[in-house]
Amino acid sequence: MPQIIDGKAISARIKEELKEKVSDMKAEGTQVTLAVIQVGNDPASSVYVGNKKKACEYIGIRSLAYELPEETGEDELLSLIEELNEREDVNGILVQLPLPVNIDEDKVIAAIRPDKDVDGFHPQSVGSLCIGQPGFVSCTPAGIIQLLKRSGIEIAGKECVVIGRSNIVGKPMALLMLRENATVTVAHSRTKNLKEVAKRADILIVAVGKPKMITREYVKEGAVVIDVGIHRDEHNKLCGDVDYEDVAEVCGWITPVPGGVGPMTIAMLMNNCVESVGPEAR
Ligand code: GUN
């Protein structure tokens, strides 16, 4: 049986470390503040936003909640961001996605000052990651790097295949693995012979958004398998993009769903919030 990569335990440890750091910063007179903006009341977004607020409270980060109605105009949202950009007592700004269809998401992301962009979605943050300069990194891929490192899994020199090329996960994931000196392949829905490509991987990272798509035919014996997906299966049970029971028979390491990648995203968001105060106050 494979070794389980325990995201719940690893994220709990990171949150403990951050809690201590935030408490030390408070003692030195520095308060970390995150502004969280939600437009409309998409139920999934409300759960995510609620979890982010809870994590802030646990760690000692002040969170400011902006819950705007569904019919909020783009200009109104942009002026709120402008105001938060200017406020010295606000370190991080997070706009929960997706936004209502009448609002241009790209425009909103670009309006957040890069030094407050704790989600790491701003084009400048992504560009900095691409050319190896400091900046915020998207939380889910950053969390996966922590899962690998804290589980003692070597990355340098390994064959890594990322399945999925989204701006939030696949692309930054590939860049981070490259930064860690892996040999990286990005596969996607148009990739030919996906099974053979995936089977080359020592480290297989799956973010395809299709429940249980990845079976043992995609996985090399002993490989590390990281599952970014979260879905409900036909029995209303949580499952990932990976067919866990099947792949567990052949892989060496695997992340469970739930309790793998999921809890790491919020832990890394909290880490970005702490970093958003700037190096002189940390
Ligand atoms: N919606 C789904 N995932 C995310 C995320 O990581 N950040 C934000 N802002 N919105 C999301």
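Along the sequence shown, residues are numbered consecutively beginning with 1. Note that the structure is a prediction, hence the values are computed from the model and not measured. Order of listing sets the numbers, starting from 1, for every ligand and every atom in it.
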Does anything in residues 1-18 pair up under salt bridge (Lys or Arg N to Asp or Glu O under 4.0 Å), and if so which pairs, sequence neighbours excluded? Glu17-Arg150

Tabulating one pair per line, provide the atom names and distances (0.1 Å) for every N/O atom of ligand 1 that is less than 3.5 Å from a protein N/O atom.
residue  : atom   : partner : partner atom : Å
ligand 1 : 1 (N)  : Gln96   : NE2          : 3.3
ligand 1 : 1 (N)  : Leu97   : O            : 2.9
ligand 1 : 7 (N)  : Asp119  : OD1          : 3.2
ligand 1 : 7 (N)  : Asp119  : OD2          : 3.3
ligand 1 : 9 (N)  : Val95   : O            : 2.8
ligand 1 : 9 (N)  : Asp119  : OD2          : 2.6
ligand 1 : 10 (N) : Gln96   : NE2          : 3.4
ligand 1 : 10 (N) : Leu97   : N            : 3.0

Note, Val257 side chain near Val242 side chain (heavy atom, < 4.5 Å): no

Please name all residues satisfying side chain to side chain donor-acceptor pair (under 3.5 Å) with Asp243, sequence neighbours left out, ordered by chain then number. none

Sorted by chain and number, sequence neighbours left out, salt bridge (charged side-chain N to carboxylate O under 4.0 Å, His left out) with Asp233 holds for Lys212

Output, in order, the C-alpha distance, side-chain angles, deciding distance and verdict of side chain to side chain donor-acceptor pair (under 3.5 Å) for Asn41 and Ser46. CA-CA 6 Å; Asn41 37 28; Ser46 299; over 6 Å; no

Could you walk me through whether Met270 and Val22 pass side chain to side chain contact (heavy atoms under 4.5 Å, CB included), step by step? CA-CA 10 Å; Met270 296 298 106; Val22 166; over 6 Å; no

